[in-house]
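First the structure, in the form of structure tokens, and then the observations on it.
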Amino acid sequence: MTAAAPAPSPDPAEPVLRVAGLDVSFAIDGGSAKAVDGVGFQLTRGRTLALVGESGCGKSLTALAVLGLVPRPGRIGAGSVRYHGRELTSLDDRALRGIRGNAIAMVFQEPMTSLNPVYTVGDQIAEAYRLHFSASAREARAEAVSMLDHVGIADAQNRARAYPHQLSGGMRQRAMIAMALVCRPDVLIADEPTTALDVTIQGQILDLILAMQKENGMAVLFISHDLGVVSEVADDVAVMYAGTIVEQTPAASLFAAPRHPYTRGLIETLPGTTPPGGRLPAIPGVVPDFRRRPKGCRFSDRCSLADGHCRDASPPPAVSGGAVSCWKADAP
Amino acid sequence: MTGTHANMGPAAIAWRRFRRHRLALASGLVLLGLSVLAAAAPLVGMLLGTAPDAVDLFSRFAPPSAAHPLGTDELGRDVLVRLLYGGRVSLLVGITAALAAAVFGTAVGLLAGYHGGRLDALLMRLTDSVISLPLLPLLIVLAAVDPGKLGLPEGVAESESLSLYRIVVIVALVGWTTVARLVRATALSLRERDFVLAAIAQGAGAARVMLVHILPNLASPIIVATTLSVGNVILLESVLSFLGLGIQPPVPSWGNLLTNAQELIWTVPGLALYPGALIFVTVIAFNFLGDGLQDAMASRPSDG
């Protein structure tokens, strides 16, 4: 089937993807709990937004919600996801299938398990292509080989005939990226794409994603828990904590002048900010379980600045660039 | 192991492992030999100048000779030719019934395992119900149904091969549960795998995910279970035919050859021994073959 090609945005400043007030909730006995709560951000052409946070803060769930892939029994409780102004949350499955992979593609963390072990990588990429374009098997195959070549796999013609287990981790992730990009999406969601890779390969994969972005001007939502990686790729950063975005700002100002106490804590934990030999600071405590979050500000029980007001009232979430969700922002 | 498997596809790796399993390899060859012989039954009949139902009352219970390599039975029919024709029926019934059961069981298991929820609950309770039915009485009742009264056209209802179709249908109707449970359990775990999520994120629909992405990963358990069940079906066919409810004489099957032989077991033990031995060898060979396939395909190439 041929899905409608993504309409080019007439105004380059118009966001490709606009997420607003997004809630993802899970039914628990006697009610429901929000794992993602009031998340809002925008992706623009050619720019990368990094969504940063600890494990369990809801960043992957946010990404899946964009594509309507929230795992059962979770569901999107409220909010909107607009792709070029078109609301995605109200689309039926058939219409969403036309968007997935075609307009908005996703790369996952573990390239070994994200590729089907019983097919060659060439077959898988060709299949992804034929899902959205009417092409003969031969044309799709040629497309797959040229895409593999494009993502820097040497001898692509032969590598296309390899099964996932015959490739190295880095090559698998390149194949995964080729599969995600074969339909020329204008949004790429990369969910921790380098976490499972060796450090030396990580840099190559990041460079590849940036090169692909430069080439076709797609918007990238880059999900990571690693601020070091984020500093290399992001134009803008949204820091997520316990289901909400607590600070959203251009990457440069985030690292130069973090405003939220949580962001500051995260940056202080990076090696390099502490003098050699010193003990790396850590943020005390753990992310609260999404079913039992503190009243008021969610970070209040781990925050050294928190006072009574923080524990009573939630600060408004940071839904746009330059915003911070904290009563004590910029406090010393 | 990664080094040695580096340039091999999943099928090549499985074949390599299978070849090391000598018992299974030998079993495979035995079954292949039996199948070829059974397929060549008309040819053997022609060479010996006889047919499976050619009665010769002047040479009843003839000892082995050049004309009758395994002798003749109580009606002077050639034992070897009847065994081979019986093998055609028994193997055909075993394989078709096992395949039919596997197809139906796979469909049920895949739907239940992939969709989960109420559909899963419904289909699995249905499976439990079929498993809870007492098998033999049910088979006896089903085998006793007069197809002419079910509204089948006379040509079908009266045809000689009806008992053959009937037994295939009966065995398939009760035999699909093992595969259904196996496929459901595996599909339940496969649907949580990342490559399924990746396929959905690429825009694949439910049918496509099930048939293109999950089903090929189920191939090894299905093949193993089906191979093992061929042996069981052949045994079941023997039992039913022995009870007179399966393949109806004069069409020979290994099961009804045994029935025939039971009164003559003290006078002409060979008549019981040959079909009995063939059933034994075939069933055990299918079991060894199944075990070998299981070992060969047990782990995904990624683990190797």
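Each chain gets a letter, A, B and so on, in the order its sequence line appears, and its residues count up from 1.
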Legend entry - Ion pair check, B/R208 and A/E127, cut-off under 4.0 Å: yes
Inset, instruction - Determine whether more than 12 heavy atoms belonging to other residues, nucleotides or ligands lie under 6.0 Å from atom CZ of B/R88. - result: yes
Legend entry - Distance, nearest 0.5 Å, that separates CG of A/L96 from CD1 of B/I200: 12.0 Å
Legend entry - Best-contacting candidate, A/N116, A/T113, A/V107, against chain B by heavy atom pairs under 4.5 angstrom: A/N116
Legend entry - Residue of the set A/Q124, A/R100, A/M106, A/M179 for which side chain to side chain contact (heavy atoms under 4.5 Å, CB included) holds with B/Q202: A/M179
Legend entry - Top contributor to chain A interface from B/A204, B/A219, B/G117, B/A206 [non-hydrogen pairs under 4.5 Å]: B/A204
Legend entry - Nearest-0.5 Å distance, CZ of residue A/F108 to CZ of residue B/F195: 12.5 Å
Inset, instruction - Can you establish whether the number of heavy atoms outside A/E87 located under 6.0 Å from its atom CD is more than 12? - result: yes
Legend entry - Heavy-atom closest contact (B/G203 atom, A/H132 atom, distance): CA-NE2, 4.1 Å
Inset, instruction - For B/A198 and A/S114, work out which heavy atoms get closest and say how close. - result: CB-O, 3.6 Å
Legend entry - B/V196 portion near chain A, given a 4.5 angstrom heavy-atom threshold: neither
Inset, instruction - Against chain B, label A/L64 side chain, backbone, both or neither, depending on which of its atoms sit under 4.5 Å from a heavy atom there. - result: side chain
Inset, instruction - Grab the two heavy atoms, one from B/P216 and one from A/V118, that are nearest each other, plus how far apart they are. - result: CB-CG2, 3.6 Å
Inset, instruction - Give, as side chain, backbone, both or neither, the part of A/M176 having an atom under 4.5 angstrom from any heavy atom of chain B. - result: side chain
Inset, instruction - Using the side-chain contact (heavy atoms from CB on, under 4.5 Å) rule, take B/I13 and A/H165 through it: C-alpha gap first, then chi angles, then the decisive distance, then the call. - result: CA-CA 12 Å; B/I13 293 171; A/H165 74 274; 3.9 Å; yes
Legend entry - Under 3.5 Å donor-acceptor, A/Y119 side chain and B/V212 backbone: yes
Legend entry - Region of A/R72 in contact with chain B, defined by heavy-atom distances below 4.5 Å: side chain
